[in-house]
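Computed from heavy atoms alone, side chains included, the values below leave out hydrogens, waters and symmetry copies. Because the structure is predicted, anything quoted here is derived from the model rather than measured. Numbering of residues begins at 1 and proceeds along the displayed sequence.
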Amino acid sequence: MFRFKHSNGDSNPDPQTVSAGMNKWNWKEGRRGQQGYTRHPGRGRYRGRQWRPSWDDRNGYGDAGHSSRSSDNQASSSSSSDSSAAPELPGFYFDQEKNRYFRLLPGHNNCNPLTREQLRDKEREKERARMLAEDGKPTKKAPRAGLNASVLLQKRHCGLLSEMSYYRQVHEGRISAMRRHKLEHHSTDDFRTIVANSKCEQVFAVSDMSHGGCKYGSISFSRSGKNGSLSVEAFDSPYVTNCKVNSLCWATVNYPDSHVLLCLDSGSVTLLPASLFSNTDSNQAGTHYRFKIPMAWCCAWCQLPQFDRWFSVGLSHKVVLQHAVTGKKQTVNIDSDVLAQQFCVGVPLVFNGCRSGEIFSIDAREPSGRKVTSFRQESAVTSVRILRDENYLLAADMSGQIKLWDIRARKPVQEYRGHYNEHARLPIHVSEPEGLLLAVGQDCHTRFWSLRDGHLLRTIPSPHPAANSAIPSVVFSSSLSGHTGTPGLLMAVKNDLFYFPYNTDETEPQEV
(Lines give C-alpha, C1' and ligand atoms only; values in the text may rest on other atoms or scores of the structure.)
Protein backbone atom coordinates (compact mmCIF):
# COMPACT_ATOMS: atom_id res chain seq x y z
CA MET A 1 0.00 0.00 0.00
CA PHE A 2 1.13 3.55 -0.66
CA ARG A 3 2.34 5.50 2.32
CA PHE A 4 2.36 9.25 2.23
CA LYS A 5 4.63 11.78 3.92
CA HIS A 6 2.90 15.05 4.80
CA SER A 7 4.72 18.33 4.98
CA ASN A 8 3.21 21.83 4.66
CA GLY A 9 0.02 20.53 3.12
CA ASP A 10 1.84 18.79 0.23
CA SER A 11 2.01 15.02 -0.12
CA ASN A 12 3.85 12.80 -2.55
CA PRO A 13 3.90 9.02 -2.80
CA ASP A 14 7.09 7.33 -1.82
CA PRO A 15 7.91 5.01 -4.75
CA GLN A 16 9.99 2.73 -2.55
CA THR A 17 7.00 1.87 -0.36
CA VAL A 18 5.03 0.27 -3.22
CA SER A 19 4.21 -3.28 -2.23
CA ALA A 20 2.32 -6.23 -3.66
CA GLY A 21 -0.88 -4.92 -2.05
CA MET A 22 -1.06 -2.06 -4.53
CA ASN A 23 -4.16 -3.50 -6.17
CA LYS A 24 -6.13 -2.77 -2.99
CA TRP A 25 -5.35 0.92 -3.08
CA ASN A 26 -8.23 3.20 -4.04
CA TRP A 27 -6.78 6.08 -5.98
CA LYS A 28 -9.75 8.37 -5.30
CA GLU A 29 -9.46 7.85 -1.54
CA GLY A 30 -5.74 8.48 -1.85
CA ARG A 31 -6.40 11.75 -3.62
CA ARG A 32 -8.87 12.77 -0.93
CA GLY A 33 -6.20 12.03 1.64
CA GLN A 34 -3.83 14.31 -0.23
CA GLN A 35 -6.11 17.32 -0.49
CA GLY A 36 -4.80 19.26 2.52
CA TYR A 37 -7.46 21.96 2.32
CA THR A 38 -7.33 25.01 4.68
CA ARG A 39 -10.63 26.77 5.21
CA HIS A 40 -10.77 30.53 5.70
CA PRO A 41 -14.04 31.97 7.10
CA GLY A 42 -15.98 34.10 4.67
CA ARG A 43 -13.51 33.60 1.84
CA GLY A 44 -12.19 30.79 -0.29
CA ARG A 45 -10.00 27.89 0.62
CA TYR A 46 -6.38 27.03 0.02
CA ARG A 47 -5.29 23.77 -1.62
CA GLY A 48 -1.62 23.77 -0.81
CA ARG A 49 -0.53 27.12 -2.20
CA GLN A 50 -3.39 27.50 -4.69
CA TRP A 51 -6.33 29.67 -3.59
CA ARG A 52 -9.84 28.62 -4.64
CA PRO A 53 -12.90 30.90 -4.25
CA SER A 54 -15.81 30.22 -1.93
CA TRP A 55 -19.31 29.33 -3.06
CA ASP A 56 -20.31 33.02 -3.11
CA ASP A 57 -17.32 33.92 -5.26
CA ARG A 58 -18.06 31.14 -7.72
CA ASN A 59 -21.63 32.38 -8.17
CA GLY A 60 -20.67 35.97 -8.87
CA TYR A 61 -21.24 37.59 -5.45
CA GLY A 62 -17.59 38.32 -4.80
CA ASP A 63 -15.43 41.19 -5.95
CA ALA A 64 -14.23 39.55 -9.15
CA GLY A 65 -17.62 39.67 -10.89
CA HIS A 66 -18.35 37.92 -14.17
CA SER A 67 -14.74 37.58 -15.39
CA SER A 68 -13.70 35.86 -12.15
CA ARG A 69 -16.70 33.54 -12.37
CA SER A 70 -15.99 32.51 -15.98
CA SER A 71 -12.30 31.90 -15.39
CA ASP A 72 -13.04 29.83 -12.30
CA ASN A 73 -15.57 27.75 -14.21
CA GLN A 74 -12.85 26.88 -16.68
CA ALA A 75 -10.43 26.02 -13.90
CA SER A 76 -12.98 23.88 -12.07
CA SER A 77 -13.91 22.01 -15.26
CA SER A 78 -10.25 21.27 -16.02
CA SER A 79 -9.57 20.13 -12.46
CA SER A 80 -12.63 17.86 -12.47
CA SER A 81 -11.57 16.29 -15.78
CA ASP A 82 -8.10 15.68 -14.37
CA SER A 83 -9.47 14.05 -11.23
CA SER A 84 -11.86 11.80 -13.19
CA ALA A 85 -9.04 9.84 -14.86
CA ALA A 86 -6.87 7.48 -12.85
CA PRO A 87 -3.13 8.09 -13.19
CA GLU A 88 -1.21 5.47 -15.10
CA LEU A 89 1.24 3.45 -13.05
CA PRO A 90 3.84 1.21 -14.70
CA GLY A 91 3.00 -2.44 -14.22
CA PHE A 92 -0.56 -1.79 -12.97
CA TYR A 93 -4.01 -1.61 -14.51
CA PHE A 94 -6.91 0.45 -13.13
CA ASP A 95 -10.36 -1.15 -13.31
CA GLN A 96 -13.03 1.56 -13.64
CA GLU A 97 -15.83 -0.74 -12.49
CA LYS A 98 -14.08 -2.00 -9.33
CA ASN A 99 -12.26 1.32 -8.77
CA ARG A 100 -9.04 -0.52 -7.96
CA TYR A 101 -5.56 -1.07 -9.33
CA PHE A 102 -4.47 -4.56 -10.36
CA ARG A 103 -0.96 -5.74 -11.05
CA LEU A 104 -0.18 -6.78 -14.62
CA LEU A 105 1.62 -10.10 -14.73
CA PRO A 106 3.59 -11.69 -17.58
CA GLY A 107 1.78 -14.29 -19.64
CA HIS A 108 3.85 -17.28 -18.46
CA ASN A 109 4.64 -19.18 -15.23
CA ASN A 110 1.52 -17.82 -13.53
CA CYS A 111 -1.58 -19.76 -12.59
CA ASN A 112 -3.92 -16.82 -13.19
CA PRO A 113 -2.07 -14.09 -15.12
CA LEU A 114 -3.54 -10.71 -15.97
CA THR A 115 -2.03 -9.41 -19.20
CA ARG A 116 -2.67 -6.47 -21.49
CA GLU A 117 -3.86 -8.88 -24.19
CA GLN A 118 -6.58 -10.17 -21.87
CA LEU A 119 -7.62 -6.63 -21.01
CA ARG A 120 -7.73 -5.70 -24.71
CA ASP A 121 -9.83 -8.77 -25.53
CA LYS A 122 -12.19 -7.95 -22.67
CA GLU A 123 -12.72 -4.41 -23.94
CA ARG A 124 -13.30 -5.66 -27.48
CA GLU A 125 -15.86 -8.17 -26.29
CA LYS A 126 -17.73 -5.45 -24.40
CA GLU A 127 -17.70 -3.28 -27.51
CA ARG A 128 -18.90 -6.20 -29.66
CA ALA A 129 -21.81 -6.87 -27.29
CA ARG A 130 -22.77 -3.20 -27.37
CA MET A 131 -22.61 -3.07 -31.16
CA LEU A 132 -24.58 -6.30 -31.45
CA ALA A 133 -27.38 -4.87 -29.32
CA GLU A 134 -27.33 -1.66 -31.35
CA ASP A 135 -27.32 -3.61 -34.62
CA GLY A 136 -30.42 -5.56 -33.58
CA LYS A 137 -32.60 -2.46 -33.34
CA PRO A 138 -35.28 -2.23 -36.06
CA THR A 139 -34.47 1.39 -36.94
CA LYS A 140 -30.88 2.39 -37.60
CA LYS A 141 -29.25 5.66 -38.42
CA ALA A 142 -28.61 6.18 -42.13
CA PRO A 143 -24.91 6.25 -43.11
CA ARG A 144 -25.38 9.64 -44.78
CA ALA A 145 -27.78 12.51 -44.41
CA GLY A 146 -30.60 12.44 -46.94
CA LEU A 147 -30.60 8.70 -47.71
CA ASN A 148 -34.30 8.34 -47.02
CA ALA A 149 -35.86 6.33 -49.86
CA SER A 150 -38.78 8.71 -50.42
CA VAL A 151 -36.44 11.75 -50.52
CA LEU A 152 -34.17 10.02 -53.05
CA LEU A 153 -37.14 9.10 -55.22
CA GLN A 154 -38.40 12.67 -55.14
CA LYS A 155 -34.96 14.00 -56.17
CA ARG A 156 -34.84 11.47 -58.99
CA HIS A 157 -38.23 12.56 -60.32
CA CYS A 158 -37.16 16.19 -60.16
CA GLY A 159 -34.01 15.46 -62.16
CA LEU A 160 -31.65 16.28 -59.29
CA LEU A 161 -30.05 12.82 -59.32
CA SER A 162 -28.69 10.82 -62.22
CA GLU A 163 -29.76 7.22 -62.62
CA MET A 164 -26.36 5.93 -61.48
CA SER A 165 -26.25 8.19 -58.40
CA TYR A 166 -29.80 7.26 -57.46
CA TYR A 167 -29.06 3.54 -57.79
CA ARG A 168 -25.89 3.85 -55.69
CA GLN A 169 -27.52 5.86 -52.89
CA VAL A 170 -30.50 3.50 -52.72
CA HIS A 171 -28.09 0.63 -52.11
CA GLU A 172 -26.26 2.62 -49.44
CA GLY A 173 -29.57 3.22 -47.66
CA ARG A 174 -30.52 -0.45 -47.85
CA ILE A 175 -27.17 -1.51 -46.42
CA SER A 176 -28.03 0.27 -43.17
CA ALA A 177 -31.42 -1.48 -43.01
CA MET A 178 -30.16 -5.09 -43.33
CA ARG A 179 -31.09 -7.29 -40.39
CA ARG A 180 -29.61 -10.62 -39.33
CA HIS A 181 -31.45 -13.92 -39.88
CA LYS A 182 -30.07 -17.33 -38.98
CA LEU A 183 -30.30 -20.00 -41.67
CA GLU A 184 -30.89 -23.62 -40.75
CA HIS A 185 -28.58 -26.25 -42.20
CA HIS A 186 -27.45 -29.76 -41.28
CA SER A 187 -23.69 -29.43 -41.13
CA THR A 188 -22.07 -29.56 -37.68
CA ASP A 189 -18.52 -28.63 -38.71
CA ASP A 190 -17.07 -25.14 -38.49
CA PHE A 191 -16.89 -23.14 -41.71
CA ARG A 192 -13.44 -21.96 -42.74
CA THR A 193 -14.28 -20.13 -45.97
CA ILE A 194 -17.10 -19.75 -48.49
CA VAL A 195 -16.72 -18.59 -52.11
CA ALA A 196 -19.61 -18.02 -54.56
CA ASN A 197 -19.46 -18.72 -58.28
CA SER A 198 -19.85 -15.98 -60.89
CA LYS A 199 -23.68 -16.03 -60.80
CA CYS A 200 -23.95 -16.63 -57.02
CA GLU A 201 -26.08 -19.71 -57.72
CA GLN A 202 -23.72 -21.99 -55.79
CA VAL A 203 -21.40 -21.37 -52.86
CA PHE A 204 -18.41 -23.65 -52.30
CA ALA A 205 -17.63 -24.16 -48.61
CA VAL A 206 -14.57 -25.52 -46.82
CA SER A 207 -15.19 -26.73 -43.26
CA ASP A 208 -12.83 -27.77 -40.49
CA MET A 209 -13.69 -31.22 -39.15
CA SER A 210 -13.69 -31.84 -35.41
CA HIS A 211 -11.13 -34.68 -35.62
CA GLY A 212 -8.84 -32.77 -38.01
CA GLY A 213 -8.71 -32.23 -41.74
CA CYS A 214 -11.11 -30.41 -44.05
CA LYS A 215 -14.38 -31.26 -45.73
CA TYR A 216 -15.68 -29.76 -48.96
CA GLY A 217 -19.33 -28.98 -49.57
CA SER A 218 -21.72 -26.88 -51.58
CA ILE A 219 -24.49 -24.51 -50.50
CA SER A 220 -27.41 -23.81 -52.79
CA PHE A 221 -30.37 -21.52 -52.13
CA SER A 222 -34.04 -21.33 -52.92
CA ARG A 223 -36.48 -18.49 -52.31
CA SER A 224 -39.51 -19.10 -50.13
CA GLY A 225 -42.36 -16.89 -48.99
CA LYS A 226 -43.66 -13.60 -50.31
CA ASN A 227 -40.88 -11.62 -48.71
CA GLY A 228 -38.22 -13.49 -50.70
CA SER A 229 -36.55 -15.18 -47.73
CA LEU A 230 -33.89 -17.78 -48.42
CA SER A 231 -33.78 -21.43 -47.53
CA VAL A 232 -30.50 -23.34 -47.65
CA GLU A 233 -29.77 -26.78 -48.94
CA ALA A 234 -26.27 -27.92 -47.98
CA PHE A 235 -24.91 -30.99 -49.77
CA ASP A 236 -21.89 -32.47 -48.02
CA SER A 237 -19.48 -34.26 -50.33
CA PRO A 238 -17.75 -37.46 -49.26
CA TYR A 239 -14.53 -35.76 -50.38
CA VAL A 240 -12.47 -35.29 -47.21
CA THR A 241 -8.80 -34.38 -47.00
CA ASN A 242 -6.28 -34.12 -44.19
CA CYS A 243 -4.68 -31.11 -45.87
CA LYS A 244 -5.28 -27.47 -45.08
CA VAL A 245 -6.70 -25.27 -47.85
CA ASN A 246 -4.55 -22.17 -48.32
CA SER A 247 -6.59 -20.61 -51.14
CA LEU A 248 -9.34 -21.43 -53.64
CA CYS A 249 -11.19 -19.97 -56.60
CA TRP A 250 -13.74 -21.06 -59.20
CA ALA A 251 -12.40 -22.30 -62.54
CA THR A 252 -13.75 -22.64 -66.09
CA VAL A 253 -12.59 -25.92 -67.66
CA ASN A 254 -15.56 -27.45 -69.49
CA TYR A 255 -18.08 -24.66 -68.94
CA PRO A 256 -18.26 -21.58 -66.70
CA ASP A 257 -17.59 -22.46 -63.06
CA SER A 258 -17.24 -26.17 -63.85
CA HIS A 259 -14.38 -26.75 -61.39
CA VAL A 260 -12.91 -25.45 -58.16
CA LEU A 261 -9.16 -24.75 -57.94
CA LEU A 262 -7.67 -25.42 -54.49
CA CYS A 263 -4.16 -24.81 -53.12
CA LEU A 264 -3.29 -27.34 -50.41
CA ASP A 265 -0.49 -27.16 -47.87
CA SER A 266 0.53 -30.72 -48.76
CA GLY A 267 2.44 -29.45 -51.80
CA SER A 268 -0.25 -29.88 -54.43
CA VAL A 269 -2.82 -27.90 -56.39
CA THR A 270 -6.02 -29.69 -57.35
CA LEU A 271 -8.93 -29.06 -59.70
CA LEU A 272 -12.15 -30.66 -58.50
CA PRO A 273 -15.31 -30.78 -60.66
CA ALA A 274 -18.17 -28.83 -59.13
CA SER A 275 -20.51 -31.72 -59.96
CA LEU A 276 -19.03 -33.62 -57.01
CA PHE A 277 -20.59 -31.11 -54.63
CA SER A 278 -24.01 -30.62 -56.19
CA ASN A 279 -26.84 -33.12 -55.93
CA THR A 280 -28.41 -31.64 -59.10
CA ASP A 281 -25.32 -32.27 -61.24
CA SER A 282 -24.27 -35.57 -59.69
CA ASN A 283 -24.76 -37.50 -62.99
CA GLN A 284 -22.47 -35.23 -65.00
CA ALA A 285 -18.97 -36.47 -65.59
CA GLY A 286 -16.05 -34.35 -64.44
CA THR A 287 -12.28 -34.67 -64.64
CA HIS A 288 -10.14 -34.40 -61.54
CA TYR A 289 -6.74 -32.70 -62.05
CA ARG A 290 -3.82 -32.71 -59.62
CA PHE A 291 -0.54 -30.78 -59.92
CA LYS A 292 2.56 -31.08 -57.78
CA ILE A 293 3.29 -27.49 -56.83
CA PRO A 294 4.95 -27.05 -53.43
CA MET A 295 3.42 -24.75 -50.80
CA ALA A 296 1.14 -22.52 -52.84
CA TRP A 297 -0.13 -19.43 -51.00
CA CYS A 298 -2.73 -18.25 -53.52
CA CYS A 299 -4.21 -18.98 -56.94
CA ALA A 300 -6.08 -17.24 -59.76
CA TRP A 301 -7.87 -18.46 -62.90
CA CYS A 302 -7.59 -16.72 -66.27
CA GLN A 303 -10.95 -15.94 -67.93
CA LEU A 304 -9.45 -14.61 -71.17
CA PRO A 305 -10.52 -16.85 -74.13
CA GLN A 306 -7.06 -16.62 -75.76
CA PHE A 307 -5.55 -18.13 -72.59
CA ASP A 308 -8.24 -20.70 -71.89
CA ARG A 309 -7.55 -23.12 -69.01
CA TRP A 310 -4.52 -21.24 -67.74
CA PHE A 311 -4.12 -20.53 -64.04
CA SER A 312 -1.54 -18.87 -61.83
CA VAL A 313 -0.18 -19.89 -58.43
CA GLY A 314 1.76 -17.74 -55.97
CA LEU A 315 4.58 -19.46 -54.05
CA SER A 316 7.51 -18.47 -51.89
CA HIS A 317 9.74 -16.38 -54.19
CA LYS A 318 7.97 -17.75 -57.28
CA VAL A 319 5.01 -17.30 -59.59
CA VAL A 320 3.91 -20.34 -61.62
CA LEU A 321 1.73 -20.05 -64.74
CA GLN A 322 0.39 -23.42 -65.89
CA HIS A 323 -2.06 -24.90 -68.38
CA ALA A 324 -4.54 -27.20 -66.67
CA VAL A 325 -4.80 -29.78 -69.49
CA THR A 326 -1.46 -29.85 -71.29
CA GLY A 327 0.66 -29.21 -68.21
CA LYS A 328 2.71 -26.50 -69.93
CA LYS A 329 4.32 -24.40 -67.23
CA GLN A 330 6.13 -21.08 -66.89
CA THR A 331 8.01 -20.09 -63.72
CA VAL A 332 8.96 -16.56 -62.70
CA ASN A 333 11.40 -16.04 -59.82
CA ILE A 334 10.91 -13.03 -57.55
CA ASP A 335 12.37 -11.84 -54.26
CA SER A 336 9.33 -12.25 -51.97
CA ASP A 337 6.36 -14.49 -51.15
CA VAL A 338 3.25 -13.99 -53.29
CA LEU A 339 0.14 -13.87 -51.05
CA ALA A 340 -2.56 -12.61 -53.45
CA GLN A 341 -3.29 -12.82 -57.19
CA GLN A 342 -5.88 -11.90 -59.80
CA PHE A 343 -6.04 -11.95 -63.61
CA CYS A 344 -7.28 -9.10 -65.74
CA VAL A 345 -10.21 -9.88 -68.03
CA GLY A 346 -9.30 -7.77 -71.06
CA VAL A 347 -5.55 -8.47 -71.25
CA PRO A 348 -3.44 -11.49 -70.15
CA LEU A 349 -1.96 -9.75 -67.11
CA VAL A 350 -1.83 -11.29 -63.64
CA PHE A 351 -1.38 -8.94 -60.67
CA ASN A 352 0.49 -10.22 -57.63
CA GLY A 353 0.60 -8.94 -54.06
CA CYS A 354 3.75 -9.78 -52.09
CA ARG A 355 4.76 -10.10 -48.47
CA SER A 356 7.21 -7.26 -49.04
CA GLY A 357 4.31 -4.93 -49.92
CA GLU A 358 5.08 -4.86 -53.64
CA ILE A 359 2.26 -5.17 -56.19
CA PHE A 360 3.39 -6.09 -59.70
CA SER A 361 1.94 -7.53 -62.90
CA ILE A 362 3.26 -10.21 -65.27
CA ASP A 363 2.31 -10.57 -68.91
CA ALA A 364 1.46 -14.22 -69.65
CA ARG A 365 2.51 -13.76 -73.28
CA GLU A 366 6.14 -13.08 -72.34
CA PRO A 367 8.11 -16.21 -71.41
CA SER A 368 10.74 -14.10 -69.64
CA GLY A 369 8.25 -13.08 -66.94
CA ARG A 370 9.25 -9.43 -66.96
CA LYS A 371 7.37 -7.16 -64.55
CA VAL A 372 5.09 -4.88 -66.55
CA THR A 373 4.23 -2.49 -63.73
CA SER A 374 5.12 -2.29 -60.05
CA PHE A 375 4.16 -0.19 -57.03
CA ARG A 376 4.24 -0.73 -53.29
CA GLN A 377 2.18 -0.54 -50.10
CA GLU A 378 3.53 -0.22 -46.56
CA SER A 379 2.91 -3.82 -45.43
CA ALA A 380 2.35 -7.35 -46.71
CA VAL A 381 -0.41 -7.38 -49.32
CA THR A 382 -3.22 -9.82 -48.47
CA SER A 383 -5.72 -9.24 -51.29
CA VAL A 384 -5.88 -7.58 -54.72
CA ARG A 385 -9.03 -6.87 -56.77
CA ILE A 386 -9.11 -5.40 -60.27
CA LEU A 387 -12.11 -3.24 -61.13
CA ARG A 388 -14.07 -3.34 -64.37
CA ASP A 389 -12.07 -0.37 -65.49
CA GLU A 390 -8.82 -2.29 -65.38
CA ASN A 391 -6.80 0.87 -64.88
CA TYR A 392 -7.75 0.66 -61.19
CA LEU A 393 -6.85 -1.93 -58.56
CA LEU A 394 -7.85 -2.39 -54.92
CA ALA A 395 -5.25 -3.72 -52.49
CA ALA A 396 -5.37 -4.55 -48.76
CA ASP A 397 -2.40 -5.22 -46.50
CA MET A 398 -1.55 -6.49 -43.02
CA SER A 399 -1.49 -3.00 -41.53
CA GLY A 400 -5.22 -2.65 -42.17
CA GLN A 401 -4.85 -0.26 -45.12
CA ILE A 402 -7.13 -0.62 -48.15
CA LYS A 403 -6.22 1.57 -51.12
CA LEU A 404 -7.53 2.14 -54.62
CA TRP A 405 -4.60 2.46 -57.04
CA ASP A 406 -4.44 4.14 -60.41
CA ILE A 407 -2.24 1.65 -62.25
CA ARG A 408 -1.27 4.16 -64.96
CA ALA A 409 -0.04 6.78 -62.50
CA ARG A 410 1.10 4.15 -59.96
CA LYS A 411 -0.33 6.08 -57.04
CA PRO A 412 -3.32 5.62 -54.70
CA VAL A 413 -6.37 7.73 -55.45
CA GLN A 414 -8.65 6.61 -52.58
CA GLU A 415 -8.24 5.09 -49.13
CA TYR A 416 -10.79 3.14 -47.10
CA ARG A 417 -10.27 3.61 -43.37
CA GLY A 418 -11.43 1.46 -40.47
CA HIS A 419 -10.28 -2.01 -41.58
CA TYR A 420 -8.44 -3.92 -38.84
CA ASN A 421 -5.69 -6.41 -39.62
CA GLU A 422 -2.41 -7.28 -37.93
CA HIS A 423 -1.12 -10.50 -39.46
CA ALA A 424 -3.91 -12.45 -41.22
CA ARG A 425 -4.45 -13.07 -44.94
CA LEU A 426 -7.93 -11.58 -45.23
CA PRO A 427 -9.75 -11.00 -48.54
CA ILE A 428 -11.67 -7.94 -49.69
CA HIS A 429 -14.87 -8.09 -51.75
CA VAL A 430 -16.14 -5.65 -54.38
CA SER A 431 -19.67 -5.23 -55.72
CA GLU A 432 -19.29 -2.62 -58.43
CA PRO A 433 -22.94 -2.44 -59.62
CA GLU A 434 -23.91 -1.34 -56.11
CA GLY A 435 -20.75 0.73 -55.61
CA LEU A 436 -19.77 -1.18 -52.47
CA LEU A 437 -16.55 -2.49 -50.94
CA LEU A 438 -16.63 -4.84 -47.95
CA ALA A 439 -14.07 -6.64 -45.85
CA VAL A 440 -13.96 -8.69 -42.64
CA GLY A 441 -11.28 -7.56 -40.22
CA GLN A 442 -9.28 -9.52 -37.70
CA ASP A 443 -11.58 -8.07 -35.05
CA CYS A 444 -14.36 -10.11 -36.76
CA HIS A 445 -16.29 -6.97 -37.81
CA THR A 446 -17.69 -6.79 -41.35
CA ARG A 447 -17.41 -3.29 -42.80
CA PHE A 448 -19.04 -1.69 -45.84
CA TRP A 449 -17.54 1.31 -47.65
CA SER A 450 -18.68 3.41 -50.55
CA LEU A 451 -16.42 2.47 -53.43
CA ARG A 452 -16.70 5.99 -54.86
CA ASP A 453 -15.58 8.16 -51.93
CA GLY A 454 -14.42 5.72 -49.21
CA HIS A 455 -17.18 6.60 -46.74
CA LEU A 456 -17.72 3.91 -44.08
CA LEU A 457 -21.37 2.92 -44.45
CA ARG A 458 -21.87 0.21 -41.85
CA THR A 459 -20.03 -2.05 -39.40
CA ILE A 460 -21.61 -5.44 -38.61
CA PRO A 461 -20.29 -7.18 -35.47
CA SER A 462 -19.85 -10.93 -35.43
CA PRO A 463 -22.60 -12.95 -33.72
CA HIS A 464 -19.85 -14.99 -32.03
CA PRO A 465 -17.07 -13.74 -29.72
CA ALA A 466 -14.06 -12.49 -31.64
CA ALA A 467 -11.21 -14.97 -32.09
CA ASN A 468 -8.67 -15.81 -34.76
CA SER A 469 -10.46 -19.12 -35.30
CA ALA A 470 -13.86 -17.42 -35.63
CA ILE A 471 -13.27 -14.77 -38.33
CA PRO A 472 -16.43 -14.73 -40.50
CA SER A 473 -16.33 -15.56 -44.20
CA VAL A 474 -18.84 -13.59 -46.27
CA VAL A 475 -20.45 -13.44 -49.71
CA PHE A 476 -22.34 -10.36 -50.90
CA SER A 477 -24.46 -10.18 -54.01
CA SER A 478 -27.53 -8.44 -55.39
CA SER A 479 -28.74 -11.80 -56.73
CA LEU A 480 -28.10 -14.56 -54.22
CA SER A 481 -29.46 -17.88 -55.58
CA GLY A 482 -29.36 -16.70 -59.20
CA HIS A 483 -30.46 -13.99 -61.60
CA THR A 484 -33.78 -13.40 -59.80
CA GLY A 485 -32.30 -13.93 -56.35
CA THR A 486 -32.55 -11.81 -53.24
CA PRO A 487 -29.90 -9.16 -52.53
CA GLY A 488 -28.00 -9.41 -49.30
CA LEU A 489 -25.03 -10.67 -47.32
CA LEU A 490 -24.31 -14.32 -46.48
CA MET A 491 -22.06 -14.83 -43.44
CA ALA A 492 -20.50 -18.10 -42.27
CA VAL A 493 -18.97 -18.09 -38.79
CA LYS A 494 -18.21 -21.16 -36.70
CA ASN A 495 -20.90 -23.69 -37.70
CA ASP A 496 -23.61 -21.08 -38.26
CA LEU A 497 -24.93 -19.42 -41.41
CA PHE A 498 -26.46 -15.95 -41.23
CA TYR A 499 -28.28 -14.01 -43.91
CA PHE A 500 -28.63 -10.21 -44.00
CA PRO A 501 -31.27 -9.43 -46.66
CA TYR A 502 -32.07 -6.04 -48.10
CA ASN A 503 -35.11 -4.27 -46.78
CA THR A 504 -37.19 -4.11 -49.95
CA ASP A 505 -39.76 -1.70 -48.47
CA GLU A 506 -38.76 1.58 -50.13
CA THR A 507 -41.07 3.62 -47.93
CA GLU A 508 -39.71 2.46 -44.59
CA PRO A 509 -38.44 5.55 -42.73
CA GLN A 510 -34.88 5.71 -41.49
CA GLU A 511 -33.43 7.87 -38.81
CA VAL A 512 -31.18 10.53 -40.32
Side-chain angles (χ1 to χ4, degrees), residues 195-199 202 204 245-264 266-276 285-334 336-354 358-374 381 383-391 393-395 407 427 430:
V195 179
N197 61 5
S198 57
K199 297 181 179 179
Q202 188 179 1
F204 185 80
V245 178
N246 290 332
S247 179
L248 65 95
C249 66
W250 286 86
T252 300
V253 180
N254 303 326
Y255 52 90
D257 301 326
S258 63
H259 286 66
V260 180
L261 181 66
L262 300 107
C263 298
L264 307 178
S266 60
S268 65
V269 175
T270 182
L271 264 173
L272 297 178
S275 59
L276 290 176
T287 306
H288 180 191
Y289 301 89
R290 185 182 293 273
F291 314 94
K292 291 184 178 180
I293 302 178
M295 197 55 188
W297 289 105
C298 58
C299 59
W301 189 268
C302 184
Q303 301 291 344
L304 195 66
Q306 292 84 351
F307 282 81
D308 188 27
R309 300 179 182 179
W310 278 85
F311 66 91
S312 176
V313 178
L315 313 175
S316 295
H317 303 279
K318 279 183 185 178
V319 174
V320 175
L321 297 169
Q322 184 161 347
H323 194 275
V325 178
T326 63
K328 184 179 179 181
K329 184 165 59 174
Q330 176 184 345
T331 302
V332 179
N333 295 318
I334 57 173
S336 184
D337 300 337
V338 178
L339 305 181
Q341 288 184 322
Q342 190 180 12
F343 272 96
C344 293
V345 178
V347 291
L349 291 178
V350 56
F351 278 86
N352 307 268
C354 299
E358 183 185 12
I359 303 170
F360 67 93
S361 62
I362 296 176
D363 194 334
R365 295 168 293 190
E366 296 186 8
S368 61
R370 180 180 60 88
K371 294 181 181 179
V372 178
T373 184
S374 176
V381 178
S383 182
V384 292
R385 290 291 179 268
I386 303 170
L387 301 187
R388 291 181 178 179
D389 182 354
E390 295 185 344
N391 294 314
L393 176 142
L394 282 162
I407 299 175
V430 183

For this session: Report the C-alpha separation of Phe351 and Thr373 in whole Å, then their side-chain angles, then the decisive distance to 0.1 Å, and conclude whether the side chain to side chain contact (heavy atoms under 4.5 Å, CB included) test is met.
Result: CA-CA 9 Å; Phe351 278 86; Thr373 184; 3.8 Å; yes
Problem set entry | Steps toward side chain to side chain contact (heavy atoms under 4.5 Å, CB included) verdict (Leu387, Leu394) | CA-CA 8 Å; Leu387 301 187; Leu394 282 162; 3.8 Å; yes
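Between Ile362 and Val372, the shortest heavy-atom contact is C-CG2, 4.4 Å. When all heavy atoms of Ile334 and Cys354 are compared, the closest pair comes out as CD1-SG, 4.2 Å. When all heavy atoms are compared, the tightest approach of Val381 to Glu358 is CG2-O, 4.3 Å.
Counting heavy atoms from C-beta outward, Pro273 and His259 have side chains that approach closer than 4.5 Å. For the pair His317 and Asp337, the minimum side-chain heavy-atom distance is below 4.5 Å. The shortest distance between side-chain heavy atoms of Arg309 and Val253 falls below 4.5 Å. Residues Cys298 and Val338 are in side-chain contact: their nearest non-hydrogen atoms beyond the backbone lie under 4.5 Å apart. When side chains are defined from C-beta on, Leu264 counts as touching Val245, because their heavy atoms get closer than 4.5 Å. Counting heavy atoms from C-beta outward, Thr331 and Asn333 have side chains that approach closer than 4.5 Å. Residues Ser312 and Val319 meet the side-chain proximity criterion, which asks for heavy atoms closer than 4.5 Å.
Taking SG of Cys302 as the start and CZ of Phe343 as the end, the distance is 4.5 Å to the nearest 0.5 Å. Atom OG1 of Thr270 sits about 11.0 Å away from atom CD1 of Ile293, to the nearest 0.5 Å. The CD atom of Gln342 sits 8.5 Å away from the CD atom of Glu390 when rounded to the nearest 0.5 Å. For the atom pair Ser361 OG and Arg370 CZ, the distance stands at 9.0 Å (nearest 0.5 Å).
More than 12 heavy atoms of other shown residues, nucleotides or ligands fall within 6.0 angstrom of atom NZ in Lys371.
Take Asp257 and apply the side chain to side chain contact (heavy atoms under 4.5 Å, CB included) test, not counting sequence neighbours, and it matches Asn197, Ser198, Trp250.
If you look at Phe291 and Phe311, their ring centroids are closer than 6.0 Å.
Evaluated for a side chain to side chain contact (heavy atoms under 4.5 Å, CB included) with Cys344, the options Leu393, Leu349, Leu304, Ile407 yield exactly one hit, Leu349.
Side-chain contact annotation: Ser316 with Trp297, donor-acceptor N/O pair under 3.5 Å present.
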